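In what follows, a single structure is set out as structure tokens and then discussed.
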Amino acid sequence: MKYLDEYRNEETISRMVDKIHQLVKHPWVIMEVCGGQTHTIVKYGIDELLPKEVTLVHGPGCPVCVTSLEMIDKALEIASRPDVIFCSFGDMLRVPGSKRDLLAVKSEGGEVRIVYSPLDALKIAQNNPHKKVVFFAVGFETTAPANAMAVWQAKKLGIKNFSLLVSHVLVPPVIASIQQSPQNRIQGYLAAGHVCTIMGWKEYEPISAHYKVPIVVTGFEPLDILQGVYLVVKQLEEGRAGVENQYARAVKREGNISAQRLIFNVFEVTDRKWRGIGIIPKSGYKLRHEFGEYDAERLFEVDEIKAQESPACISGQILKGLKKPHECPAFGKECTPGHPLGATMVSSEGACAAYYNYGRYLKLPAMSP
């Protein structure tokens, strides 16, 4: 299968592993930003093929994981109202809020529906004019064009009973935030390829230059990951720092200009709170003023909802690359996929879920104190 089989070929992978072993001379810590990359690494044991000098840590690139607890509570409040049909992608339904999740709201009689596109939610609004239909718009730059299109179409068609609960987050600001942290130990990044299909990789150039850190746009198959690691390590060993593109079969430097135009016609950049991390300036999208009639936070007056994270969950440290999932005292005990404390255990892209689902914690050394 084109773009799949050749990136899982054992001989090619073995040769790339050998090249990395021959290249490495010093210890390096590299973060794969995307949760999809984390799952590939854990599923195929890619980190176990690398020299002991190369440590991979897991980043904040899971949109479900980083949606703030306040935003989950706002979703629960809106979804509980009898005049609302609340629409979401399925992976958000089990993410715990302060006291419950969207599945609990559904079991109590709330009209919560799983959809596969924001345009599906718009269709529901057209078919249910007596209801207020809200779509939970989470995600990175990757999902922003479709959400922007839904609002654009709603306005064009004059649909008044449709709105978005917007919790979009942006990748470059969180990388800059990690680099600015006094605790930072990341020396190179595998950037998420699908985000760059929309935004290109030019946004990473000033970050790489300012922090003198290699950033390699990387795909999601095993060979993609290994090639990304090779390119990052090569820069580090040679004392260079720049942006390179391993995912050239899908990503251009300028990205998708049409999609970017649509995004910025509907959204503008705003400060955004990340779950487990806190507020990062200019790290999210919100609806522009001219689309305020489609802003669910404003329509349902839930701006003031505040929430407090469980102190037992260390997902913030995991998302910043400071800890690995098995180093959490609650991992596999109080926190499991069936009873998650945090979103990193719930989400299909969460690092904790990857460690649990692939049994990684069973063969790792004992937890650090």
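Keep in mind that this is a model prediction, so the values were computed, not measured. Side-chain atoms are counted along with the backbone in the values below, which use heavy atoms only and exclude waters and symmetry mates.
- Remark: the backbone N or O of Ser315 is not paired with any side-chain donor or acceptor of Arg275 at under 3.5 angstrom.
- Contact annotation: the side chain of Lys323 never approaches that of Cys328 to less than 4.5 Å [non-hydrogen atoms, C-beta and beyond].
- Proximity of the aromatic rings of His194 and Phe220 is defined here by a centroid distance below 6.0 angstrom, and this criterion is met.
- Under 3.5 Å, the side chains of Glu327 and Gln317 contain no donor-acceptor pair of N or O atoms.
- Linking Ile, Leu, Val, Met, Phe, Trp and Tyr residues whenever their side-chain heavy atoms come within less than 4.5 Å places Leu76 and Val84 in a single cluster.
- From Met92, atom CE reaches atom CG of Leu165 across 9.0 Å, with rounding to the nearest 0.5 Å.
- Using a 30° and 60° split on the angle between ring planes, Phe291 and Tyr294 fall in the tilted class, from 30° to 60°.
- Under a hydrophobic clustering in which Ile, Leu, Val, Met, Phe, Trp and Tyr are joined whenever their side-chain heavy atoms come within less than 4.5 Å, directly or via other members, Val134 and Leu164 fall into different clusters.
- Trp274 and Phe140 have tilted rings, their planes meeting at an angle from 30° to 60° on a 0 to 90° scale.
- Residues Pro51 and Ile20 form a side-chain contact, since some pair of their non-hydrogen atoms from C-beta on lies under 4.5 Å apart.
- Considering only heavy atoms from C-beta on, Leu319 comes within 4.5 Å of Val66 through its side chain.
- Here the side chains of Ile175 and Tyr204 are in contact, with some heavy-atom distance below 4.5 Å.
- A continuous path of Ile, Leu, Val, Met, Phe, Trp and Tyr side chains, each step under 4.5 Å between heavy atoms, connects Leu122 with Val133, placing both in one hydrophobic cluster.
- At least one donor-acceptor pair under 3.5 Å links the side chain of Gln260 to the backbone N or O of Ile198.
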request  = Verify side-chain contact (heavy atoms from CB on, under 4.5 Å) between Ile114 and Leu93, making sure each step is shown before the conclusion.
outcome  = CA-CA 8 Å; Ile114 295 174; Leu93 266 63; 3.7 Å; yes
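- Residues Ser80 and Arg100 bring a donor and an acceptor atom of their side chains to less than 3.5 Å of each other.
- At distances below 3.5 Å, at least one donor-acceptor pair connects side-chain atoms of Asp73 with backbone N or O atoms of Ser98.
- Looking at heavy atoms from C-beta onward, Thr344 lies out of side-chain contact with Cys62 at the 4.5 angstrom threshold.
- Remark: Lys155 NZ is packed, more than 12 non-hydrogen atoms of other residues, nucleotides or ligands lying under 6.0 Å away.
- Judged purely by atom type and a 3.5 angstrom limit, Glu244 has no side-chain atom pairing as donor or acceptor with the backbone of Val217.
- Here the CD1 atom belonging to Ile225 is positioned 12.0 Å from the CG atom belonging to Leu49, to the nearest 0.5 angstrom.
- Glu141 and Tyr285 are not linked by any side-chain donor-acceptor pair at a separation below 3.5 angstrom, with hydrogens and angles left out of the test.
- Looking at Lys286 and Glu297, no side-chain N of the basic residue comes within less than 4.0 Å of a carboxylate O on the acidic one, giving no salt bridge.
- Across every non-hydrogen atom of His21 and Leu50, the tightest pair is NE2-C, 3.8 Å.
- When all heavy atoms of Lys333 and Pro329 are compared, the pair lying nearest together is CD-O, 3.7 Å.
- Side chain of Glu237 to main chain of Lys25: a donor-acceptor pair is present (N/O by atom type, distance under 3.5 Å, no hydrogens or angles).
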ask   = Checking side-chain contact (heavy atoms from CB on, under 4.5 Å) for the pair Leu23/Lys234: CA distance, chi angles, key distance, verdict?
value = CA-CA 7 Å; Leu23 179 66; Lys234 193 168 191 296; 3.8 Å; yes
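- Atom CZ in Arg81 sits 6.5 Å away from atom CZ in Phe300 (nearest 0.5 Å).
- Between Thr142 and Pro145, the shortest heavy-atom distance links the atoms O-CD, 3.5 Å.
- Heavy atoms of other residues, nucleotides or ligands lying less than 6.0 angstrom from CD of Glu10 number 12 at most.
- The backbone N or O of Val64 sits nowhere less than 3.5 Å from a side-chain atom of Asp91 that would complete a donor-acceptor pair.
- Remark: side-chain polar atoms of Ser181 are not paired, donor with acceptor, to backbone N or O of Ser177 under 3.5 angstrom.
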ask   = side-chain contact (heavy atoms from CB on, under 4.5 Å) between Val138 and Thr143: does it pass, once the steps are laid out?
value = CA-CA 8 Å; Val138 303; Thr143 56; over 6 Å; no
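- The side-chain heavy atoms of Ile186 and Val57, taken from C-beta on, include a pair separated by under 4.5 Å.
- Around the NZ atom of Lys202, the shell of radius 6.0 Å holds more than 12 heavy atoms that belong to other residues, nucleotides or ligands.
- Ring centroids of Phe136 and Phe86 are separated by less than 6.0 Å, placing the two rings close together.
- Ile124 and Arg113 get closest at one heavy-atom pair: CG2-NH1, 3.6 Å.
- Here the CE-NZ distance, from Met16 to Lys19, works out to 4.5 Å after rounding to the nearest 0.5 Å.
- Of the N and O atoms on the side chains of Tyr189 and Gln179, at least one donor lies less than 3.5 Å from an acceptor on the other residue.
- Contact of the Met31 side chain with the Pro60 side chain is registered, since non-hydrogen atoms from C-beta on lie closer than 4.5 Å.
- The minimum heavy-atom distance linking Phe162 with Ile159 is given by the pair CB-CG2, 4.1 Å.
- Between His58 and Pro325 the shortest side-chain heavy-atom distance falls below 4.5 Å.
- By the neighbour-count criterion of 12 heavy atoms within 6.0 Å, atom CD of Glu304 is sparsely surrounded, having that number or fewer from other residues, nucleotides or ligands.
- One distance of note links NE2 of His289 with CZ of Arg298; it measures 6.5 Å at 0.5 Å rounding.
- The backbone N or O of Gly36 sits less than 3.5 Å from a side-chain atom of Thr40, completing a donor-acceptor pair.
- Classification of the Phe331-Tyr356 ring pair by plane angle, with boundaries at 30° and 60°, yields perpendicular.
- Ile277 is connected to Tyr211 through a chain of hydrophobic side-chain contacts under 4.5 Å among Ile, Leu, Val, Met, Phe, Trp and Tyr, so both are in one cluster.
- Val251 and Tyr230 fall into different hydrophobic clusters, where Ile, Leu, Val, Met, Phe, Trp and Tyr side chains are chained together by heavy-atom contacts under 4.5 Å.
- A donor-acceptor distance shorter than 3.5 angstrom exists from the side chain of Arg272 to the backbone of His168, with no hydrogens or angles considered.
- Side-chain contact of Gln246 with Thr218: a donor-acceptor pair under 3.5 Å is absent, judged by distance alone.
- Arg249 CZ: more than 12 foreign heavy atoms inside a 6.0 Å radius.
- Taking 4.0 Å as the cut-off between side-chain N and carboxylate O, Asp83 and Lys132 count as a salt-bridged pair.
- Expressed to the nearest 0.5 Å, how far CD1 of Ile178 lies from CZ of Arg185 amounts to 11.5 Å.
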task = Test side-chain contact (heavy atoms from CB on, under 4.5 Å) on Phe267 and Val166 and set out the steps.
result = CA-CA 10 Å; Phe267 294 119; Val166 180; 4.2 Å; yes
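- Heavy-atom minimum distance, Ala148 versus Val266: O-CG2, 3.7 Å.
- Under the 3.5 Å distance criterion, the side-chain polar atoms of Asn256 are matched with a main-chain donor or acceptor of Ala259.
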